[in-house]
Amino acid sequence: MPELPEVEIVKQSLNKKIKHKKIKKVIIRNRNLRSKIPINFSNYLKNQKVIKVDRFSKYLILTLSNKKICLIHLGMSGTIHYINKNKASPVSNLSFYSSIRLPIKHNHIEIEFDDSKIIYNDPRRFGFFEIVKNKKLLKKRLSHLGPEPMSEEFNIKYVFQYFKNKKKNIKNFLLDQGFVSGIGNIYASEILFLCEIKPDQIVSKLDESKCKSIIDYSKKVLSEAIKKGGSSIRDFKNISGKEGNFQKIFKVYDREGLKCKKIKCKGVIQKKMISNRSTFFCNSCQK
DNA sequence: AAGAGGCCCTGATAGC
DNA sequence: TGCTATCAGGGCCTCT
């Protein structure tokens, strides 16, 4: 569910709420996530301070005072909720979704501080919590990931070279975390719309200027989404709190059958399954 | 060795 | 009302 911008929003709010706080207690309510939470997981966290919270791609990285690292991925449906013990309600929510009440089912992990706690909830269990023993191992753990879209490394030389002789379509590559890491299914469609490139375009056929527009719009869309607080769709909608706002300006995602938003374009937004993921595009201005 | 497809899991919604 | 089928923001594994 959460793509890079949403994970960034979670990271920012975690830094505001739990940075420098000491972990007093860890409760595992359900070990079953993408990988099973190890029996001794709590031992690494207990009595440690949270030094900082970082993010790479869609991963959250909690550095603890014992130098161990708690690596978190939210999968499709993972959310983190922050509760201040002194304030009964409403509950402020660290997921980019918001909720004034706590989820009841599918709470997997609770991490308690003196005055507050965070709860990890994940109905589909595609997320995970892992302990990585040091920085070097973290680098190794994340070594399969390509550059982030906003980084300098994601440049024309890299992209043009990467696309040479490749026969997959561009939508597939934007979702391929080894090529570029952080873009997910929603932003892939949004980026390609702005580039005026059809999602099933084979990448070896893209010229340099098209590659350049993919780079520029990837950076632009993701930074814009972060500014808007991410995208809140489906979950917890219509509940007051810190919802993201980017979904309000989706150009193509979930707009099947509606008119293209580009000025003077008479096109209609189409939905097509590409590698089993729904993909939205304009049948007229995307070539 | 790149690329296609299946699978992990629960919940919401659509269609009959 | 109550079935069944399909789809959902991700990523890994296997097969060809």
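Letters go in sequence order (proteins before strands), and every chain restarts at 1.
- The backbone N or O of I214(A) lies less than 3.5 Å from a partner atom in the side chain of S218(A), making a donor-acceptor pair.
- Residue F126(A) contributes atom CZ, which lies 11 Å from atom P of dG10(C) at whole-angstrom precision.
- To the nearest angstrom, P of dA8(C) lies 7 Å from CG of N185(A).
- Phosphate contact (OP1/OP2 of dG10(C), side-chain N/O of K58(A), threshold under 4.0 Å): present.
- Nucleic acid contact for Y59(A): sugar-phosphate only, since backbone atoms but no base atoms lie under 4.0 Å from a heavy atom of the residue.
- Comparing atom distances between the N172(A) side chain and each of dG11(B), dA4(B), dG10(C) picks out dA4(B) as nearest.
- For dG11(B), the OP1/OP2 oxygens have a side-chain nitrogen or oxygen of H106(A) closer than 4.0 Å.
- Between H144(A) and dC12(C), a side-chain N or O to OP1/OP2 separation shorter than 4.0 Å is present.
- Atoms CZ (F173(A)) and P (dA2(B)) sit 9 Å apart, rounded to a whole Å.
- Rounded to an integer number of Å, the gap from F128(A) CZ to dC9(B) C1' is 16 Å.
- For Q177(A), counting side-chain heavy atoms from C-beta on, the closest listed nucleotide (dG11(C), dA8(C), dC9(B)) is dG11(C).
- OP1 or OP2 of dA8(C) lies within a sub-4.0 Å distance of a side-chain N or O belonging to S278(A).
- Side-chain atoms of S116(A) and N84(A) include no donor-acceptor pair closer than 3.5 Å.
- Protein atom CZ of R277(A) is 13 Å distant from nucleotide atom P of dC12(C), rounded to whole Å.
- Remark: dG6(B) base-pairs with dC12(C). Criterion, Watson-Crick or G-U wobble with two distances under 3.5 Å.
- Across dG11(B) and dC12(C), the matching C1' atoms stand 23 Å from one another, rounded to whole Å.
- A salt bridge does not link K220(A) to D216(A): none of the charged nitrogens lies less than 4.0 Å from a carboxylate oxygen.
- The K167(A) side chain lies nearest to dG3(B) when the options are dG3(B), dT10(B), dA8(C).
- The nearest pair of heavy atoms linking G244(A) to S232(A) is N-OG, 2.7 Å.
- Rounded to a whole Å, the NE2 atom of H108(A) is 12 Å from the P atom of dC9(B).
- Atoms CG (D176(A)) and P (dA1(B)) sit 16 Å apart, rounded to a whole Å.
- In the set dA8(C), dG10(C), dG11(B), dG11(B) carries the atom at the smallest distance from any side-chain atom of P123(A).
- Between K271(A) and dA8(C) there is a side-chain polar atom (N or O) within less than 4.0 angstrom of OP1 or OP2.
- Across the P atoms, dC9(B) and dC3(C) are found 23 Å apart, a figure rounded to whole Å.
- When the options F193(A), F250(A), Y253(A) are evaluated for a ring-ring contact (aromatic ring centres under 6.0 Å, His included) with F280(A), the one that passes is Y253(A).
- Checking N276(A) against K168(A), the closest nucleotide of DNA chain B that is more toward the 5' end is the one next to K168(A).
- Taking atom P on both dA12(B) and dG11(C), the two are 23 Å apart, rounded to the nearest angstrom.
- What separates CZ of R34(A) from P of dC13(C) is a distance of 9 Å, to the nearest Å.
- Ring centroids of Y120(A) and F129(A) are separated by less than 6.0 Å, placing the two rings close together.
- With hydrogens and angles ignored, no donor-acceptor pair under 3.5 angstrom links the side chain of R125(A) to the base of dC9(B).
- The side chain of K105(A) has dG11(B) as its nearest neighbour among dA8(C), dG11(B), dG10(C).
- Heavy atoms of Y187(A) sit nowhere under 4.0 angstrom from any nucleic acid atom.
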